[in-house]
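Data first, discussion second: the structure below is written as structure tokens.
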Amino acid sequence: MKILAIETSCDETSIAVVDALGEAAAPQVAVLGHALYSQVPTHAPYGGVFPMLAKREHARNFAPLLASALAQAAMIEESGSAIAIDEMQVRALLEREPEAAEMLVDFLKTHKRPAIDAIAVTRGPGLEPALWVGIQCAEALARAWQMPLYGINHMEGHIFSAWAGQQEPPQFPLIALLVSGGHTEIVKSNTPGHYTLLGETRDDAAGEAFDKIARVLDLPYPGGPEISRLAREAREEDTPKVFDFPRPMMREANFDFSFSGLKTHVLYAIRKIIEERPITEDEKKDAAREAENAICEVLAAKTRRAVEAYPDTQSIVVAGGVAANNELRERMLALGETLGLPVFFPSRELSTDNAIMIGIVAYVRAKLGDAGRDPETFLKAEGRLALQ
Ligand code: KG4
Ligand code: ZN
């Protein structure tokens with residue numbers, strides 16, 4: 001099954017063409033094309049994602065990325081004569097995105113319908129203005145090409161990102177630790193398409209904690225990779241230990257997290273120093289190492305608690321932007337060894353937001369009997385869409 005997948009929930013505009021086969025629990029996916037435009041440099045000066053700017057960038061980049069993904073998949077074919085499309089309808093669907101509408105109308109008029117079977121788009125959770133761009137463009141394509149449309153949960157996408165490129169897929173029932181800029185969740189899944197939220201963060205997400213602590217340390221956005229780099233240097237150079245940060249909620253008998261207190265603790269510790277003198281490079285490195293250790297220890301401890309509470313667990317999946325973190329990977333692998341369970345991660349490329357994972361979930365849904373939405377019906381962006 002060939003699927004054109006679209007992801008615009010945050011600051012990456014990503015369009016992929018995937019070809020999937022196999023059972024719902026063990027999808028095998030070939031990536032035929034993947035075009036991604038990261039807005040990270042656009043948002044960096046603001047120290048976070050700016051929703052209206054994200055929306056504009058998604059709209060601007062949609063048609064060029066679509067052409068690029070289809071071209072990589074060898075599915076782009078120009079038409080000799082102009083193709084009749086319902087221009088009014090495309091423009092009406094993209095009413096709020098006139099720039100995207102013009103580019104999409106032009107693309108649809110000059111290119112033949114590609115040989116794909118369905119379209120998939122992230123419908124939530126995420127930033128609603130950003131989600132709407134992907135949804136409206138997906139609807140315009142589904143109508144023009146008369147294809148079924150799948151509205152996909154972004155967090156289910158992160159879970160299934162761990163299937164791409166695996167020889168032996170993760171087995172169900174599984175426990176997933178989902179760690180991104182907006183979410184920190186422990187989810188149990190007994191079978192594909194069914195999820196139980198065991199615990200989540202009560203305030204900041206793990207990625208957000210990395211980003212905020214990085215800001216305290218005067219490091220650029222996004223902070224996760226920066227903290228990780230300094231922490232590695234601290235380990236390699238055996239930098240002296242000066243800081244002692246808390247491990248929030250580590251010993252509480254639940255599966256929840258809280259990271260805002262950790263950020264405040266780091267803020268006060270750093271402030272105390274800089275009120276008297278400039279902070280040294282070694283102190284910064286130690287702070288990064290200690291913050292990374294604190295976050296990763298709590299994530300691993302709560303995952304362990306979840307696995308121990310559900311002895312039928314067959315595998316552990318760690319996904320989301322923070323799954324790119326080396327220290328977390330090592331700790332989770334060590335945990336897997338202790339518990340005698342395999343641990344799965346997406347490749348680093350698929351840890352952060354991408355459309356490939358959205359395409360995989362659409363395939364899983366199709367295998368579970370979901371025929372997708374009729375192209376004549378409408379999807380709605382849901383910023384706080386829950387995983388269930
Ligand atoms: O999943 P993602 O790309 O977007 C959301 O859905 O939020 O995650 C982005 C988050 C950011 O907070 C970023 O700092 C964090 O993932 N991140 C990392 C690393 N790479 C990205 N955090 C820690 N270590 C990393 N190497
Ligand atoms: Zn994400």
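Counting from 1, the numbers follow the sequence of the chain as shown. Both ligands and their constituent atoms are indexed starting at 1 by order of listing.
Of the candidates Val322, Asp353, Asp11, Val322 brings a heavy atom nearest to atom 15 (C) of ligand 1.
Looking only at protein heavy atoms, the nearest one to atom 11 (C) of ligand 1 is Asp211 OD2, 3.6 Å. Residue, atom and distance of the protein heavy atom nearest to atom 9 (C) of ligand 1 are Gly181 N, 3.7 Å.
Checked against a 3.5 angstrom limit, the closest N/O atoms of Gly224 and ligand 1 fall inside it. For a threshold of 3.5 Å applied to N or O pairs, the pair formed by Glu12 and ligand 1 contains no separation below that value. When only interatomic distances are considered, the shortest N/O to N/O separation between Phe210 and ligand 1 does not fall below 3.5 Å. Any N or O atom pair closer than 3.5 Å counts here, and Gly321 shares at least one such pair with ligand 1. Note: an N/O pair closer than 3.5 Å links Asn325 and ligand 1 by distance alone. Note: no N/O pair closer than 3.5 Å links Gly320 and ligand 1 by distance alone.
A salt bridge does not link Arg289 to Glu327: none of the charged nitrogens lies less than 4.0 Å from a carboxylate oxygen. Salt bridge absent: Arg271 and Glu275 never bring a charged side-chain N and a carboxylate O closer than 4.0 Å. Glu281 and Lys285 are not joined by a salt bridge, as no carboxylate oxygen comes within less than 4.0 angstrom of a charged side-chain nitrogen. Taking the charged nitrogens against the carboxylate oxygens, Glu252 and Arg247 have no contact shorter than 4.0 Å, which rules out a salt bridge. A salt bridge does not link Lys2 to Asp117: none of the charged side-chain nitrogens sits closer than 4.0 Å to a carboxylate oxygen. Salt bridge status for Arg143 with Asp86: absent, with no side-chain N to carboxylate O gap under 4.0 Å.
Residue contacts with ligand 1 leave out Glu327, since none of its heavy atoms falls under 4.0 Å from the ligand. At least one heavy atom of Gly182 sits less than 4.0 Å from an atom of ligand 1. Distances from ligand 1 to the non-hydrogen atoms of Glu292 include no value under 4.0 Å.
Within the 4.0 Å heavy-atom criterion, neither part of His183 lies near ligand 1.
Under a 4.0 Å criterion applied to the non-hydrogen atoms of Ser180, ligand 1 contributes the atoms 1 (O), 5 (C), 6 (O), 7 (O), 8 (O). Near Gly207, meaning under 4.0 Å from one of its heavy atoms, ligand 1 places the atoms 12 (O). Distances below 4.0 Å separate heavy atoms of His154 from the following atoms of ligand 1: 6 (O). The contact set between ligand 1 and Thr352, taken as ligand atoms under 4.0 Å from a residue heavy atom, comprises 3 (O).
Judged by the 6.0 Å distance and 45° axis criteria, Arg365 is not positioned over the aromatic ring of Phe160.
For Lys272, the NZ atom sits in a loose shell: 12 or fewer heavy atoms of surrounding residues, nucleotides or ligands are nearer than 6.0 Å.
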Task: ring-ring contact (aromatic ring centres under 6.0 Å, His included) between His43 and Phe50, worked out - done: CA-CA 6 Å; His43 297 285; Phe50 207 62; 7.5 Å; no
TODO: Go through Leu174 and Gln314 one step at a time and tell me if the side-chain contact (heavy atoms from CB on, under 4.5 Å) criterion holds.
DONE: CA-CA 6 Å; Leu174 57 82; Gln314 298 298 310; over 6 Å; no
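Residues Glu292 and Asn325 have side chains that bring a donor and an acceptor to within less than 3.5 angstrom of each other.
In plain terms, the two heavy atoms of Thr239 and Asp282 that are nearest each other are CG2-O, 3.3 Å.
Here the N, O or S atom of Asp353 that is nearest to the Zn ion (ligand 2) is OD1. Looking only at N/O/S atoms, His154 comes nearest to the Zn ion (ligand 2) through NE2.
The distance from the Zn ion (ligand 2) to the nearest N/O/S atom of Cys10 is not under 2.8 Å.
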